[in-house]
Amino acid sequence: MAKVLNNLKPQPLWDLFEEICNVPHPSKHEKKLAEFVLDFAKNNGIEAATDQAGNVILRKPATPGKENLKGVIMQSHLDMVPQKNSDIPHDFEKDPIKPRIEGEWVKATGTTLGADNGIGMAASLAVMAAKDIEHGPLECLITVDEETGMTGAFELKPGLFKGDILLNLDSEDHGELFIGCAGGINTSAKLPFKKEPVDKSMTSFKIAVKGLKGGHSGLDINLGRGNANKIINRILFESANKFGLRVAEINGGTLRNAIPREAFATIVLPANQKDAFAKFVKEFEKIVKNELATTDPEVVFLVETTNLPDAVMDLQSQQKFLNAIYACPNGVFGMSADMIGLVETSNNLAIVKSENNAVCIETLQRSSVESQKEDIAAMLKSVFTLAGAEVVQSGSYPGWKPNVNSPILQVMKDVYNKLYGNVPAINAVHAGLECGLLGSVYPNWDMISFGPTIRSPHSPDERVQIESVGKFWNYLVETLKNIPKK
C-alpha cells in the first residue's frame with residue numbers, strides 16, 4: 001500500500017503508526033502485531049520478549065550520563081476496537097486499516113482508526129529506536145486485549161520490571177494529565193425464549209436504526225448520544241402494544257465498550273396494521289430526531305417489507321425482554337462531587353442479540369467509586385433477574401485512585417509549562433485505563449496517563465489531531481530528559 005502519512009511530523013512516529021495500521025490487530029487477534037513489534041525490536045537492537053499472557057516487554061539502557069535517573073516504563077496496548085459502518089466490506093482480522101488525512105486530522109475509511117492505542121504504541125517504539133533522545137533506563141509494556149477484557153493487565157506478573165515510573169500513553173486529550181480512572185464490571189444476561197410458528201396472514205418488516213455517532217462508552221457517555229438498542233426497543237415496545245407486533249429477530253451493537261450505533265430487528269404484525277405501523281415509525285423517527293437534534297442529528301429509521309420468518313419469540317418471553325431493555329439504566333448514572341465535569345458512574349447497554357433461542361444482552365458498568373460500581377452492577381442484575389434471565393457478572397477491575405502529590409505529576413506539569421507556556425489540566429477519566437490493575441501488581445509505580453487528542457474512539461468517526469501528535473511527542477521526549485533521580 002502506498003504511504004499516506006509519510007510527510008507528517010514527527011516522521012518516525014507516523015511511519016510506525018502507518019505500519020501498525022497495515023497489520024490487522026483487533027482485540028483477541030494481536031499475535032501478528034506482537035510479532036511485528038518483536039521483529040522491529042530485533043532489527044533495532046532492542047531487548048524484547050513476551051510474557052505468558054502475550055504482553056510484549058522491551059528494555060533499553062540509559063543514555064550515557066542518565067544512568068542515575070529513575071527507570072521509566074512506557075505503557076500502551078496492542079489491540080484496537082474493530083468498528084465499521086455496516087456498508088463497509090472490511091475484515092478486521094485480515095484487512096489493513098486505511099488511514100487518510102482530512103484537514104487537521106487523520107481518520108480511517110469507514111472503520112475505526114486504531115489511534116487508540118496505535119499512536120501511543122508508535123511513540124514508545126520510536127523512542128526505543130531513537131539514537132538522539134536522552135533518557136534514563138527505559139522499559140516498554142505493550143499489553144494484549146485491553147479493549148475487551150484487560151487480559152494482559154490482569155495476567156501481568158510481579159518482578160518483571162525494574163522501573164519506578166509508569167507513563168501510560170493511552171489518554172485522548174492533549175493538554176491534560178490523567179491521574180485516576182474508573183473501574184468497571186460486565187453484566188451479561190441471557191433470556192431464553194421458545195419459538196412460535198408465524199401465522200401466514202401476517203406481514204413482516206425489517207427495521208433498522210442507523211446514523212448514530214456511537215463512540216467510547218466511557219469517554220463519550222456524557223455527550224447525550226443515542227443508544228441504538230434503547231431506541232429500537234422503544235419502537236418494538238410501543239408497537240407491541242399498539243399493533244400486536246411480534247419479534248422474530250433482534251441484533252444491536254457489537255462491543256461492550258462502544259455505544260451502539262446501529263440496531264436491527266425483524267418483526268411481524270397483522271397485515272391490516274401494515275400502513276398504521278409504517279406511519280407510526282415515521283412519526284416516531286421525528287420524535288427521536290427532535291430529542292437528539294443537538295447531540296446525534298443524523299439518526300435515521302429504515303423500514304422495509306421482507307419475507308415472513310418461520311418463527312417468532314413466544315409472547316411471554318417477548319414481553320419480558322422488551323420490559324427488561326426498557327427498564328435497563330443506560331448512560332450517566334452519577335457525576336463526581338469532587339471533580340467538576342467528571343462522570344462518576346455509568347452503564348452502557350451495549351449489545352442486544354437474539355441467537356440460539358435466547359436474547360443475549362451485554363452491558364458495561366463503570367465507576368470511579370468501587371461501592372457505586374457494585375451498586376449499579378447489582379441494579380443491572382436485579383432488572384434482568386426479574387425478567388427471568390440467567391445473569392453472569394465478570395471482568396471486574398479496580399479504578400485508579402488519584403495521587404495529587406505524585407512526583408512525576410509535578411515534573412510533567414513543569415515540563416508542559418516550559419514547552420507550552422501554561423499548566424496542563426489535571427483530571428481523572430471515566431474509562432478503564434489499565435493503570436488501576438497495573439498499580440495493584442506494582443504498587444511502587446508512580447503513574448500518569450497522557451496522549452494526543454483523539455476524538456470518537458471506538459467508532460468509525462475516530463480521528464487523531466495531527467498537531468497534537470507532534471506536541472505529544474515533544475512532551476514525551478522532554479519528560480524523559482527530566483525524570484527525577486533515583
Side-chain angles (χ1 to χ4, degrees), residues 81 83-85 102 104-105 107-108 111-113 115-117 147 170-176 178 180-182 184 209-234 252-263 285 287-300 328-337 339-352 362-368 372-373 376 425 427-433 449 451-465 468:
V81 169
Q83 286 276 282
K84 69 182 187 72
N85 292 322
E102 189 173 290
E104 62 177 314
W105 303 88
K107 299 183 66 176
T111 71
T112 37
L113 174 64
D116 172 15
N117 190 222
E147 298 289 4
D170 193 20
S171 290
E172 293 159 354
D173 290 280
H174 177 71
E176 298 186 31
F178 292 91
C181 71
V209 174
K210 303 180 72 174
L212 295 165
K213 294 178 181 178
H216 191 292
S217 69
L219 301 177
D220 297 327
I221 200 73
N222 63 325
L223 300 180
R225 294 176 179 174
N227 180 304
N229 289 328
K230 293 292 278 188
I231 292 170
I232 203 166
N233 191 75
R234 287 172 68 182
T254 57
L255 293 169
R256 276 195 182 95
N257 55 3
I259 300 169
R261 300 173 295 106
E262 298 177 336
E285 180 184 43
I287 292 171
V288 174
K289 276 184 171 290
N290 181 63
E291 291 175 354
L292 300 176
T294 301
T295 59
D296 230 339
E298 302 302 317
V299 61
V300 293
C328 178
N330 178 77
V332 176
F333 195 72
M335 301 295 291
S336 172
M339 299 189 76
I340 301 300
L342 175 67
V343 177
E344 183 175 272
T345 306
S346 73
N347 179 58
N348 181 43
L349 176 60
I351 301 171
V352 179
E362 303 288 349
T363 67
L364 171 55
Q365 297 83 63
R366 303 179 190 263
S367 185
S368 51
Q372 286 294 303
K373 183 187 80 175
I376 193 170
N427 283 321
V429 61
H430 189 65
L433 294 174
S449 181
T453 297
I454 298 173
R455 292 291 174 260
S456 300
H458 300 191
S459 86
D461 292 324
E462 180 186 4
R463 59 199 184 276
V464 59
Q465 188 184 48
S468 74

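- Looking only at distances, no side-chain donor or acceptor of Ser456 sits under 3.5 Å from a matching main-chain atom of Glu462.
- At a threshold of 4.5 Å between non-hydrogen side-chain atoms, the residues Asn85 and Arg261 count as touching.
- For the residue pair Asn347 / Arg366, no side-chain donor-acceptor distance below 3.5 Å is found, with atom types taken as modelled.
- Lys230 has its side chain within reach of Leu349: a pair of non-hydrogen atoms, C-beta onward, lies under 4.5 Å apart.
- In this structure, CG on Leu212 lies 10.0 Å from CD1 on Ile259, to the nearest 0.5 angstrom.
- Although no hydrogens or angles enter the test, the distance criterion places no donor-acceptor pair under 3.5 Å between the side chain of Thr345 and the main chain of Gln372.
- Using a 4.5 Å cut-off on side-chain heavy atoms (C-beta onward), Ser459 and Asp220 make no contact.
- Counting heavy atoms from C-beta on, the side chains of Ser346 and Phe333 never come closer than 4.5 Å.
- Side-chain contact between Leu255 and Gln83 is present, with heavy atoms from C-beta onward closer than 4.5 Å.
- Side chain to side chain, His458 and Glu147 meet the donor-acceptor criterion of an N or O pair below 3.5 Å.
- Between Asn427 and Leu342 there is no side-chain heavy-atom pair separated by less than 4.5 Å.
- Partner of Arg455 under the salt bridge (charged side-chain N to carboxylate O under 4.0 Å, His left out) criterion, out of Asp173, Asp116, Asp461: Asp173 alone.
- By the 4.5 Å heavy-atom criterion applied to side chains, Met335 and Val343 are counted as neighbours.
- Side-chain N or O atoms of Asp170 include none that pairs as donor or acceptor with a backbone N or O of Leu433 at under 3.5 Å.
- Side-chain contact annotation: Gln365 with Thr363, donor-acceptor N/O pair under 3.5 Å present.
- By the side-chain contact (heavy atoms from CB on, under 4.5 Å) test, Glu362 pairs with Ser188, Arg256, Ile351, sequence neighbours left out.
- A heavy-atom distance below 4.5 Å is not found between the side chains of Asn257 and Asn348.
- For Lys289, the side-chain contact (heavy atoms from CB on, under 4.5 Å) partners are Glu285, Val299, Val300, not counting sequence neighbours.
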